[in-house]
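A short worksheet on the structure shown next.
Given the structure is predicted, the values throughout are model-derived calculations rather than measurements.
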Amino acid sequence: MEEVYQNYRNAVFQSGDPAAVGVVLSNMTVAFDHWLLDVEDPFVFEPYHKALREPFDYYMFGQNYIRPLIDFRNSYVGNLSLFYEIEEKLKQGHNVVLISNHQTEADPIIISLLLEKTNPHIAENMIFVAGDRVITDPLCKPFSMGRNLLCVYSKKHMYDIPELAEMKRKANTRSLKEMALLLRGGSKIVWIAASGGRDRPDPFTEEWYPALFDSSSVDNMRRLIEHSGTPGHVYPLALLCYDIMPPPRQVEKEIGEKRIITFHGAGLSIAPQISFPEIAAACEESEAKDVYSQALYKSVSEQYNVLKSAIHGKQGLEASTAGVSLSQPWN
């Protein structure tokens with residue numbers, strides 16, 4: 001807790017905000033209160049957790065805590081018109097799945113912050129497929145309580161404790177059933193990290209890039225949408241924000257990782273939806289699942305490179321690739 005306080009304080013001071021001292025004291029006081037409250041009375045997440053907004057608004061707590069860490073003058077949202085397109089589909093009762101890369105524990109909050117001015121409905125109603133670490137780590141839990149979550153056990157940690165593997169599999173089955181019920185109701189937007197975990201830098205080049213997607217995870221989401229009885233759409237989404245709160249260089253088994261925190265710009269870019277039937281029509285049936293996953297990954301990687309150029313160098317409007325354009329810088 002002391003380490004988090006010091007790193008958070010230093011990061012907020014980097015922003016140059018004249019009110020930084022008050023921001024740090026206010027946000028850290030609330031964070032300490034809720035970390036300690038959970039120690040006294042631990043919160044238990046259901047397979048589907050709906051954001052707690054009252055009597056304490058955990059959603060706004062997360063927004064207010066992470067907001068001072070984002071350099072909005074150097075942040076970007078790509079292809080903003082597609083988020084408006086998604087809002088219209090949600091109003092029509094359609095479901096939307098965002099197949100995304102994943103970089104930090106704060107990704108759900110960063111996404112919401114980048115969309116809160118232009119697309120507040122998406123920002124507040126997005127459902128995140130969340131691994132068990134963010135609902136068990138004491139420092140994560142109050143932030144997770146403010147998000148709509150479908151709680152699953154990550155494949156990467158399925159056998160960390162072998163005797164718990166069967167329990168984890170059964171819990172994941174319950175979560176899949178919850179997701180199927182939610183999608184049958186329509187008008188749901190679901191975010192999933194298709195790699196099953198956070199991106200890591202290349203150990204030799206130190207370059208960050210989206211981790212490869214797990215085609216079975218992508219296919220599970222696709223089939224859930226297809227069998228929901230409601231029109232559904234799959235969009236590739238790229239997220240660049242690792243500077244704000246990078247994960248450990250290696251996947252760790254133990255809870256309690258070191259939190260490195262800095263003030264930095266962030267980027268979000270979405271591409272047009274990718275249709276599975278169109279992909280399947282162009283290849284062998286046995287290959288369709290993998291080819292579809294690869295098409296989504298390629299799209300996310302293209303957008304990620306655009307964001308990298310925009311945030312780490314070139315001006316946003318100059319950074320573009322075929323079929324991918326960047327909206328005006330966030331302001």
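Between D17 and R67, none of the side-chain N atoms (NZ, or NE/NH1/NH2) sits under 4.0 Å from a carboxylate O, so this pair counts as no salt bridge. A salt bridge does not link E226 with R223: none of the charged nitrogens is closer than 4.0 Å to a carboxylate oxygen.
Under a 3.5 Å cut-off, the side chain of Q103 and the backbone N or O of D199 do not form any donor-acceptor pair. D38 contributes no side-chain N or O that, together with a main-chain N or O of P138, makes up a donor-acceptor pair within less than 3.5 Å. No donor-acceptor distance shorter than 3.5 angstrom exists from the side chain of N64 to the backbone of N27, with no hydrogens or angles considered. Under a 3.5 Å cut-off, the side chain of Y292 and the backbone N or O of I274 do form a donor-acceptor pair. Between the side chain of N125 and the main chain of I189, no donor-acceptor pair closer than 3.5 Å is present. The backbone N or O of L296 lies less than 3.5 Å from no partner atom in the side chain of S299, so there is not a single donor-acceptor pair. A distance-only check finds no donor-acceptor pair linking the side chain of D71 to the backbone of F263 [under 3.5 Å].
In this structure, the side chains of Q63 and L113 come closer than 4.5 Å at one or more pairs of heavy atoms. Using a 4.5 Å heavy-atom cutoff, the side chains of N101 and W208 are not in contact. Within the 4.5 Å cutoff, side-chain heavy atoms of Q294 are placed close to those of D290. Proximity of F83 to L237: side-chain heavy atoms (C-beta onward) are separated by under 4.5 Å at one or more points. You'll find the side chain of L150 reaches within 4.5 Å of the side chain of I127, heavy atoms only. Annotation: side chain of P142 is in contact with side chain of W35 (closest heavy-atom distance under 4.5 Å). In this structure, the side chains of T118 and V77 stay at 4.5 Å or more apart for every pair of heavy atoms.
Ring-plane geometry between F61 and H34 is classed as tilted, the angle between the planes lying from 30 to 60 degrees on a 0 to 90 degree scale.
Of all non-hydrogen atoms in V4 and I261, the two that sit nearest each other are O-CD1, 4.2 Å. For the residue pair K289 and S215, the shortest heavy atom distance occurs at CG-O, 3.8 Å.
Residues in residues 6-28 take part in these ring-ring contact (aromatic ring centres under 6.0 Å, His included) pairs, two or more places apart or across chains: Y8-Y65.
Partners of D57 under the salt bridge (Lys or Arg N to Asp or Glu O under 4.0 Å) rule, at least two apart in sequence or in another chain, are R53.
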What pairs of donor and acceptor atoms, side-chain ones from residues 228-236 against any protein atom, are under 3.5 angstrom apart with sequence neighbours left out?
unit_1, atom_1, unit_2, atom_2, d
S228, OG, I225, O, 2.8
S228, OG, T230, N, 3.2
S228, OG, T230, O, 3.2
H233, ND1, Q273, OE1, 3.0
H233, NE2, H94, ND1, 2.8
Y235, OH, E85, OE2, 2.5

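Counting non-hydrogen atoms of other residues, nucleotides and ligands closer than 6.0 Å to CD of E46 gives a total of 12 or fewer.
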